[in-house]
*Asks:* 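Submitted below is the structure of interest, expressed as structure tokens.
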Amino acid sequence: MLKKILVFVGILFSVFILSKCNSSHKVSNQEDAQKLPKGISTINSPEKNYADFCADCHGRKLEQFINRKWTNGNSKSDVIKSIKYGIVSAGMPAYENTFSQKEIEALTDYILLKSVDKIEKEKPILSSKVYRSNAYNLQTEIVVDNIEIPWGIKVTGDGTIYFTERKGTLKIKKPNETIIAVKNIPTVKNRGQGGMLDVTLHPDFKNNQWIYLSYSKNNPNGNGATTAVIRGKLVGDELKEIKEIFEALPYNGKRHHYGSRMVFDDQGYLYISVGDRGVRDKNPQSLSNSCGKIHRVHDDGSIPKDNPFYGKNNVVPSIWTYGNRNPQGLVFDEVNKIVWEHEHGPKGGDELNLVNKGVNYGWPIASYGINYIGTKFTDITEREDFQSPVTYWVPSIAPSGMAIIKGENYPKWNGNILTGSLKFDYISRVKVNGSKMLEEELILKDIGRVRSIEMGADGYLYVGVEDPGRILRIVVRD
Ligand code: HEC
């Protein structure tokens, strides 16, 4: 009998111990779950999932879904499919391993509800608004209105504005005149992030009228597209003597990460940025292709002999830096004689970089960001042989457009670097001392989705925004 009782107590005791073990195991599991990227194995509201995982590319206010011409259908099952399996060639990640089916359905309902045509896009009221900042009260004047996406802007000393629209135009707006469209420009691949991209003018434009255009070029011998640059002489309203001066190789079928900013330094070298074209594990770290790089060429496209990899075997000789992701900001600092760039990180890790000869920025081996779906791809943020950013943004601001302030109109900010944010509708102003960052202020909050910024040769800052497409002049009101 006693034996039986002992066995019974023993069983009870072991059940107790086992259940303890189980419950403590569960607790540590929950702790692990908290350490996992948000969205994985926890159920979050669609608002939160959208803000954490989708807003970087589709807009915080779902701008990209409002009045959308849907490519892959907008029935509930179409949208679920898009989210689950992604559209990899366009840069839309697959979220099937990130979210539960329930979360995907909730996100779908959320997007479909918010995207009904009735909802009007919020149009920012600009002319009456005063934007306060540490140094100045700023106001915006609309100088060009009702345009598509103003990807690149250049302004000459007489206030003439040369700008591209991504859909495939180059246009000129002279003060007090109507806009004219320039003829004989290249046909572009207007899909995904591609189209007519940056515009720049030759340093001696006044005398030679050379205009440079970077764009997404269709493969003349097959499939895919790439980043290319042409120059042409502006004669009347037409480009003449067109010559292709740069073509990034190889062509590829993806629709994103063209990079494509251009800037001249004071020696007449032209720098051209090219994104990794969505082939992150192959392109940026190999010197035998042009993608995920910044290039340096002469004004006619010929290759400077002092380029860092010039004359080496199996290397693209125009490469100036490598290990870049998607650089969409490039400026020359005339005082310190240095080129700056910024580039889009993945989810977090957008970077502000100095462009030094021959350096490797480490993408995708080193990054402050993580995959769009919330998983990690590297633990390395910095490495001795990689050049680290001067500063970086987590979460991503989605940087586009860049300028360095100079001249008489904003004297307290001379030398400061401006970076536009596609995502947060503001401009980051960074004060630097040579190559060191001293402070950052966010200015012109809610100005719109900033695509381009130009320090005009007429002394004014210009900002190109989307939805609605406009070019704004920034004036100080004190
Ligand atoms: C890295 C950028 C990026 C992120 C992050 C991203 N998307 Fe996308 N998404 C895209 C691109 C690019 C497309 C393709 C657009 C096209 O084909 O016109 C797209 C397409 C879509 C489509 C199909 C639209 C259509 O026209 O058929 C849906 C739905 C969608 N995304 C939902 C989401 C949701 C929900 C999230 C977050 C969980 C998300 N996306 C995150 C870039 C992104």
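Each ligand, and each atom within it, is numbered from 1 in the order the structure gives.
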*Asks:* Write down, by chain and number, every protein residue that brings a non-hydrogen atom to less than 4.0 Å from an atom of ligand 1.
*Replies:*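 Residues within 4.0 Å of ligand 1: Phe53, Cys54, Cys57, His58, Phe65, Arg68, Trp70, Thr71, Asn72, Val79, Ser82, Ile83, Ile87, Ala90, Gly91, Met92, Pro93, Tyr95, Phe99, Leu107, Ile111, Arg255, Tyr372.
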
*Asks:* Parallel, tilted or perpendicular for Tyr426 and Phe424, by the 30°/60° rule?
*Replies:*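 Judged by the thresholds at 30° and 60°, the geometry between Tyr426 and Phe424 is parallel.
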
*Asks:* Is it the case that Arg280 places NZ or CZ above or below the six-membered ring of Phe377, under 6.0 angstrom from the centre and within 45 degrees of the axis?
*Replies:*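 Yes.
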
*Asks:* How long is the gap from CD on Glu441 to CG on Leu418, to the nearest 0.5 Å?
*Replies:*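 Rounded to the nearest 0.5 Å, the CD-CG separation comes out at 10.5 Å.
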
*Asks:* Look at the aromatic rings of Tyr368 and Tyr392 and report parallel, tilted or perpendicular, splitting at 30° and 60°.
*Replies:*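 Plane angle under 30°, so parallel.
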
*Asks:* Hey, does the Lys NZ or Arg CZ of Arg473 hover above the aromatic six-ring of Tyr462, less than 6.0 Å from the centre and inside 45° of the axis?
*Replies:*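 Not flagged: Arg473 not positioned over aromatic ring of Tyr462.
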
*Asks:* Between Asp52 and Lys347, is the closest basic N to carboxylate O distance under 4.0 Å?
*Replies:*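 Salt bridge flag = no for Asp52 with Lys347.
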
